[in-house]
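Just so you know, these numbers come straight off a predicted model, no measurement behind them.
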Amino acid sequence: MFKLRMPYWACVAGIAMISCERRVNTAPAHFGYGRPATQQEIAAKAIAIRPDGKGLPAGSGTVQHGAVVYATKCAACHGVTGVEGPFNILVAPDTADAIPFDRAPQRVKAIGNYWPYATTVFDYVRRAMPFNAPGSLSDNEVYSVTAYLLYANKLIDSTAVMNAKTLPGIVMPARKYYVTDNRKGGDGPYE
């Protein structure tokens with residue numbers, strides 16, 4: 001059998017080289033390209049909506065208009081009524097009176113029984129939907145789709161109008177299962 005033996009001096013030299021190597025773990029202050037963002041560019045991207053509604057834009061939407069927007073821009077991925085898929089189910093078969101998820105792992109998680117805040121539904125739809133054109137819906141369309149989804153989940157009635165004042169007032173059934181982050185140093189708690 002053939003054995004490859006490394007000479008003793010090669011091992012010592014390798015260890016010496018590794019121990020003398022200088023590593024620089026800091027990034028350079030400037031890479032030499034790009035420019036600072038303008039305040040207008042930052043404002044266009046700073047569209048976060050907090051659970052308490054801070055950051056909600058002007059505008060409003062109705063369940064009826066939301067049904068039309070949903071049918072044209074959402075139903076292909078989420079189904080005609082929000083329960084068919086093929087992607088995430090949006091309408092829960094149960095909302096307030098169902099047993100918690102930790103005791104029913106087979107339960108379908110949807111907007112009506114899993115999301116803690118109606119404002120975060122607005123925020124997610126505004127940023128990420130529709131899948132093929134995220135961020136393309138107007139604020140009125142987002143309010144309308146949010147109203148339609150809340151109505152489909154039996155959380156509001158068909159005459160409700162969603163806007164920056166009414167949306168934060170919707171109490172989602174799952175809110176009681178979430179814990180408010182009340183650590184010091186942040187902007188919370190939100191309740």
What closest approach, in Å, do [X] and [Y] show between heavy atoms, and which atom pair accounts for it?
X      : Y      : result
Ala75  : Ala71  : CB-O, 3.8 Å
Asp139 : Ala58  : CB-O, 3.9 Å
Leu155 : Gly112 : CD1-CA, 4.0 Å
Gly59  : Asn163 : O-CB, 3.3 Å
Ala147 : Gly61  : CB-O, 4.2 Å
Thr166 : Val161 : OG1-O, 2.8 Å

Does [X] reach the side chain of [Y], with side-chain heavy atoms less than 4.5 Å apart?
X      : Y      : value
Ser136 : Pro130 : yes
Pro57  : Ile47  : no
Leu56  : Phe122 : yes

Show your reasoning for whether salt bridge (Lys or Arg N to Asp or Glu O under 4.0 Å) applies to Arg126 and Glu141. CA-CA 9 Å; Arg126 185 183 195 199; Glu141 288 176 315; over 6 Å; no
Does [Y] offer a backbone N or O that forms a donor-acceptor pair with the side chain of [X] under 3.5 Å?
X      : Y     : result
His78  : Phe87 : no
Thr119 : Gly53 : no
Asn153 : Leu90 : yes

Candidate list Leu167, Ile170, Val63, Asp123, test side-chain contact (heavy atoms from CB on, under 4.5 Å), partner Thr146, passing option: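 Filter result, single survivor: Leu167.
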[X] side, atom [atom1]; [Y] side, atom [atom2] - distance, nearest 0.5 Å:
X      : Y      : atom1 : atom2 : result
Met172 : Thr120 : CE    : OG1   : 7.0 Å
Ser60  : Tyr143 : OG    : OH    : 8.5 Å
Lys109 : Trp115 : NZ    : CH2   : 13.0 Å
Ser144 : Gln64  : OG    : CD    : 9.0 Å
Cys74  : Leu149 : SG    : CG    : 7.0 Å
Lys73  : Leu137 : NZ    : CG    : 5.5 Å

NZ/NE/NH1/NH2 to OD/OE distance under 4.0 Å, Asp52 and Lys54: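 Salt bridge between Asp52 and Lys54, a charged N being under 4.0 Å from a carboxylate O: no.
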Shared ILVMFWY cluster between Ile156 and Tyr124, side chains joined below 4.5 angstrom?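 Yes; Tyr124 is reachable from Ile156 via cluster members.
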Taking the six-membered ring for Trp, are Tyr178 and Tyr114 parallel (under 30°), tilted (30 to 60°) or perpendicular (over 60°)?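 Taking Tyr114 first and then Tyr178, their aromatic rings stand perpendicular (interplane angle over 60°).
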Counting only heavy atoms not in Tyr70, do more than 12 sit closer than 6.0 Å to its OH atom?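 Yes, OH of Tyr70 has more than 12 neighbouring heavy atoms, counting only those of other groups under 6.0 Å.
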Would Asp157 and Thr159 count as having a side-chain donor-acceptor pair, cut-off 3.5 Å?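 Checked: Asp157/Thr159 side chains pair up, N/O donor to acceptor below 3.5 Å.
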